[in-house]
Amino acid sequence: MPGNRVGVCGEFFKGWYIAMPERCKIVVVCGPTATGKSDLALGLARAFSGEMVGADSMQVYAGLTVGTAALTAEMAGGVPQHLVGFLPPEQVFSVADYVRAAHEAIKEICARGRLPVVCGGTGLYIESLVKGLSFTEEKVPPETRAALAAEWEQAGGAAMLEKLAALDPEAAGTLHPNDKTRILRALEQVQHTGITKGKRAQRSLPAAPPYDALCIGLDFQERAALYAHINARVDDMMDGGLLPEAQRVYENRDSYKTAAQAIGYKEFFPYFAGEAPLDACVEKLKQATRNYAKRQLTWFRRMPDIHWLLREDAACEENARQMVASFLAGAE
RNA sequence: GCCUCUGUAGCUCAGUUGGUAGAGCAGUGGACUGAAAAUCCACGUGUCGUUGGUUCGAUUCCGACCGGAGGCA
């Protein structure tokens with residue numbers, strides 16, 4: 001099997017030949033929801049003796065398989081799966097946590113001589129992983145954030161943006177006064193570390209990407225087809241036991257901080273609160289999922305080097321397999 | 001049968017004391033570096049139900065007709 005070997009190649013540096021490990025090859029399957037990423041990735045993992053690595057901010061949580069459309073161990077049928085369903089829903093998780101854990105998993109898979117197949121729909125996670133962004137251990141204390149949030153309520157966005165402009169004019173110039181999340185984040189960062197957003201971005205980006213990655217994107221030719229699949233999948237989820245899962249999330253919404261904002265649960269909150277009929281919530285869920293798929297598309301379209309495959313194409317899976325085969329065979 | 005209300009953007013509805021109209025949602029495009037399935041930005045011409053009349057000018061006023069909702073017999 002043409003998996004990864006930790007072979008030895010090297011380069012000449014000031015006349016010295018330095019041995020270094022061969023870059024690890026990974027396959028990435030991305031794209032909007034409901035395009036069949038998981039199935040494709042699973043097929044590739046089977047064909048090339050690979051292991052799955054999730055790249056999904058909500059599938060990391062345990063016990064939320066229906067709503068997040070995560071592969072269960074049975075569905076994976078013996079193919080190892082990493083970073084899926086491993087976290088208690090009470091825990092918060094972040095890109096930084098993800099990237100750290102994913103690098104670890106990939107390293108181990110490569111060491112076993114197997115192929116990591118990264119699969120998921122969270123653009124931020126995938127891009128950060130593939131680019132090899134580094135995040136410091138240090139965290140901003142929650143009090144700082146709380147204080148700034150309180151200040152926002154008093155002063156408003158425009159004032160806070162001005163405040164940011166005094167400390168980090170470059171970042172302030174790129175932000176809109178309504179963009180609360182980013183203004184507050186930029187503020188807490190300069191306040192706490194004294195490092196501006198731009199400087200941070202510069203430092204987090206490595207000289208070269210850490211992996212030799214083949215990115216495969218999945219989409220439908222027609223937007224209408226994507227939306228039709230989304231609608232149908234929501235109906236399938238309802239048949240598959242989404243409601244009880246959503247009720248559990250509803251009852252724990254205060255402790256499931258991140259998980260409670262997942263699409264597929266929060267849309268049912270009005271139903272559980274007795275404020276809306278069930279079918280209205282189902283419609284809302286379909287709507288929210290369509291909106292989300294569109295956002296995912298704008299993220300992935302922007303990423304360079306994605307090889308797009310169309311779901312309508314009967315040879316879609318076959319093409320993917322050939323791409324991976326020649327990727328693994330090719331001298332890097 | 002009579003009375004009242006109603007017909008405006010894909011949907012829900014504002015509005016024009018007569019000078020051809022605008023919100024929310026949807027849709028489309030974009031952004032995104034520690035909550036990202038989150039968050040944020042940009043984009044608004046549609047025979048103003050049909051048809052006559054009044055008027056320099058009607059989506060707006062008047063009439064008739066067609067559709068919808070309610071009330072009284």
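Numbered from 1 within each chain, the chains take letters A, B, ... in sequence-line order.
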Regarding [X], tell me which of base, sugar-phosphate or nothing describes its non-hydrogen contacts under 4.0 Å with the strands shown.
| X | answer |
| --- | --- |
| A:Lys197 | sugar-phosphate |
| A:Glu267 | nothing |
| A:Tyr265 | nothing |
| A:Thr68 | base |
| A:Thr33 | nothing |
| A:Val95 | sugar-phosphate |

Going by modelled atom types, is there a donor-acceptor pair between the base of [N] and the side chain of [X] at under 3.5 Å?
| X | N | answer |
| --- | --- | --- |
| A:Asp56 | B:A37 | yes |
| A:Ser204 | B:U33 | yes |
| A:Arg182 | B:A38 | yes |

State whether the number of non-hydrogen atoms from other residues, nucleotides or ligands found under 6.0 Å of A:Glu222 atom CD is greater than 12.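 Check fails, neighbour count at 12 or below.
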
Neighbour count >12 (heavy atoms, 6.0 Å) for atom CD, A:Glu153: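 Yes.
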
Expected string for nucleotides 22-30 of chain B under the B/S/- scheme (protein heavy atoms, under 4.0 Å, primed atoms plus P, OP1, OP2 as sugar-phosphate) is ----SSBBB

Cation-pi geometry met for A:Lys25 and A:Phe327 (6.0 Å, 45°):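 Verdict for A:Phe327: a cation-pi partner in A:Lys25.
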
Strictly below 4.0 Å, N to O, side chains only: are A:Arg100 and A:Glu104 in salt-bridge contact? no

Centre-to-centre under 6.0 Å for A:His103 and A:Tyr98, is that the case here?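 For A:His103 and A:Tyr98, the ring centres are not under 6.0 Å apart.
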
CD of A:Gln261 versus C1' of B:A35: gap in Å, rounded?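 After rounding, the reported distance stands at 5 Å.
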
Can you tell me the distance, in whole Å, between the CG atom of A:Leu184 and the P atom of B:G34?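 Nearest whole value for this atom pair: 12 Å.
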
Does the side chain of [X] get closer than 4.0 angstrom to OP1 or OP2 of [N] through an N or O atom?
| X | N | result |
| --- | --- | --- |
| A:Tyr125 | B:A36 | yes |
| A:Thr122 | B:A37 | yes |
| A:Asn178 | B:U39 | no |

